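Notes to accompany the following structure.
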Amino acid sequence: MNRNFYLLCFASFLSILFLIIGRIEGWHFEKNYYLGLCLITINFPAFFFIKKYFNYILGLTLLLGLSGLIYFFPFKMGLSFFGITIQAIPLLFIIIFSYINRSKLLDFLTSSDIKSEEEKLESIERKKNIFRKEFERLSDSELTNKLNQNLIPEANEVINEILEYRKATQ
């Protein structure tokens, strides 16, 4: 399953837990908190029905939380730099989100530097070689499990090549 989905589940769990605690304790919630809960809830159908855009929707939700336009928790903990306040808990979630999606983010950031088709092909081949070195030592069942994960296309292509090669040589 997608690791971003686990991140969403954890954020949802904490938000709902604080909602329940707050209701029991008689806390008053701001509308930004309810808006945050709604946006977190919207991420679940996005994961199941429009997986292609799930990461973008989750990232946008986290950015809105970072800016303080929505809240995931009924309290605010912010860091102020030169008059700009950044919410601490959404910052933590964005750091985790960025770590989970680091290869896609690096591809996005480095793709603007690549100018020609030849350089793009070289970049793809370099990625494939890195994945090939990493995946060749895995067993067939581990490779099959990797196929079920949310990997970049180059990684999936290398896994399929390795599995086909192993089947042909047996």
Side-chain angles (χ1 to χ4, degrees), residues 1-15 36 38-70 72 79 81-82 84-170:
M1 186 150 302
N2 189 330
R3 289 177 281 178
N4 289 322
F5 183 71
Y6 295 135
L7 180 65
L8 173 64
C9 289
F10 183 64
S12 300
F13 171 75
L14 291 177
S15 296
C38 289
L39 284 175
I40 285 177
T41 304
I42 288 171
N43 280 278
F44 283 99
F47 174 76
F48 290 108
F49 299 113
I50 48 175
K51 281 189 179 215
K52 183 177 180 181
Y53 299 108
F54 168 69
N55 290 341
Y56 299 113
I57 295 169
L58 180 59
L60 179 63
T61 303
L62 293 174
L63 286 174
L64 289 171
L66 181 69
S67 66
L69 295 173
I70 62 171
F72 303 123
L79 308 169
F81 299 104
F82 305 109
I84 299 172
T85 302
I86 296 174
Q87 299 301 314
I89 296 174
L91 178 63
L92 177 66
F93 280 103
I94 283 183
I95 291 170
I96 295 168
F97 179 78
S98 299
Y99 179 76
I100 290 170
N101 297 294
R102 66 189 175 278
S103 64
K104 292 177 186 174
L105 289 171
L106 286 173
D107 285 345
F108 175 74
L109 294 174
T110 58
S111 67
S112 62
D113 295 340
I114 298 174
K115 294 180 174 73
S116 70
E117 280 296 316
E118 186 176 308
E119 289 175 327
K120 288 180 183 178
L121 291 174
E122 287 176 13
S123 173
I124 290 172
E125 284 303 314
R126 275 193 304 260
K127 286 181 201 172
K128 284 182 172 182
N129 287 334
I130 291 169
F131 287 126
R132 194 168 286 113
K133 287 177 186 174
E134 183 179 330
F135 294 154
E136 280 180 341
R137 52 192 146 110
L138 299 177
S139 69
D140 288 353
S141 61
E142 290 173 319
L143 289 173
T144 306
N145 288 337
K146 285 264 186 209
L147 280 174
N148 296 331
Q149 296 176 3
N150 189 18
L151 301 175
I152 62 173
E154 291 87 357
N156 287 332
E157 190 175 329
V158 168
I159 291 172
N160 287 325
E161 288 174 6
I162 292 171
L163 289 172
E164 288 175 16
Y165 176 77
R166 289 180 181 175
K167 285 181 185 176
T169 58
Q170 285 180 351

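Keep in mind it's a predicted model, so treat the numbers as computed, not measured.
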Between the main-chain N or O of L58 and the side-chain N or O of N43, is there a donor-acceptor pair closer than 3.5 Å? yes

Could you tell me if the side chain of K146 sits less than 4.5 Å from the side chain of Q149, heavy atoms only? yes

Sequence neighbours left out, what passes side-chain contact (heavy atoms from CB on, under 4.5 Å) with I95? Give chain and number order. L91

Excluding sequence neighbours, so at least two apart, what forms side chain to side chain donor-acceptor pair (under 3.5 Å) with K51? none

I'd like to know whether CZ of F44 has more than 12 heavy-atom contacts from other residues, nucleotides or ligands below 6.0 angstrom. yes

So which atom in I162 and which in R132 form the shortest heavy-atom distance, rounded to 0.1 Å? CD1-O, 4.4 Å

For a quick test of reading the model, state the closest non-hydrogen atom pair linking L143 to R166 and the distance between them. CD1-NH1, 3.4 Å

Is the closest side-chain heavy-atom distance between N160 and L147 below 4.5 Å? yes

To the nearest 0.5 Å, what is the distance between CZ on F97 and CG on L63? 8.0 Å

Full working for side chain to side chain contact (heavy atoms under 4.5 Å, CB included) between Y6 and I100: CA-CA 11 Å; Y6 295 135; I100 290 170; over 6 Å; no

Working to the nearest 0.5 Å, report the span between CG of L151 and NZ of K104. 8.5 Å

Give me the ring orientation class for F135 and F131: parallel if the planes are under 30° apart, tilted from 30 to 60°, perpendicular past 60°. parallel

Using a 4.5 Å cut-off on heavy atoms from C-beta on, say whether the side chain of I70 contacts that of I40. no

CG on L62 to CD on Q87, rounded to 0.5 Å: 13.0 Å

To the nearest 0.5 Å, tell me how far I130 CD1 sits from K128 NZ. 13.0 Å

Minimum side-chain heavy-atom gap F72-T61 below 4.5 Å: yes

Measure from the ring center of F48 to the ring center of F5 and say whether it is less than 6.0 Å. yes

So CG of N145 and CG of L138: to nearest 0.5 Å the spacing works out to 10.0 Å

Are any non-hydrogen side-chain atoms of L14 and I89 less than 4.5 angstrom apart? no

Give a yes-or-no answer on whether the side chains of N129 and R126 include a donor-acceptor pair shorter than 3.5 Å. no

Check the pair N2, L8 against side chain to side chain contact (heavy atoms under 4.5 Å, CB included), reporting the backbone distance first and the verdict last. CA-CA 10 Å; N2 189 330; L8 173 64; over 6 Å; no

Interatomic distance, I96 atom CD1 to N4 atom CG [nearest 0.5 angstrom]: 11.0 Å

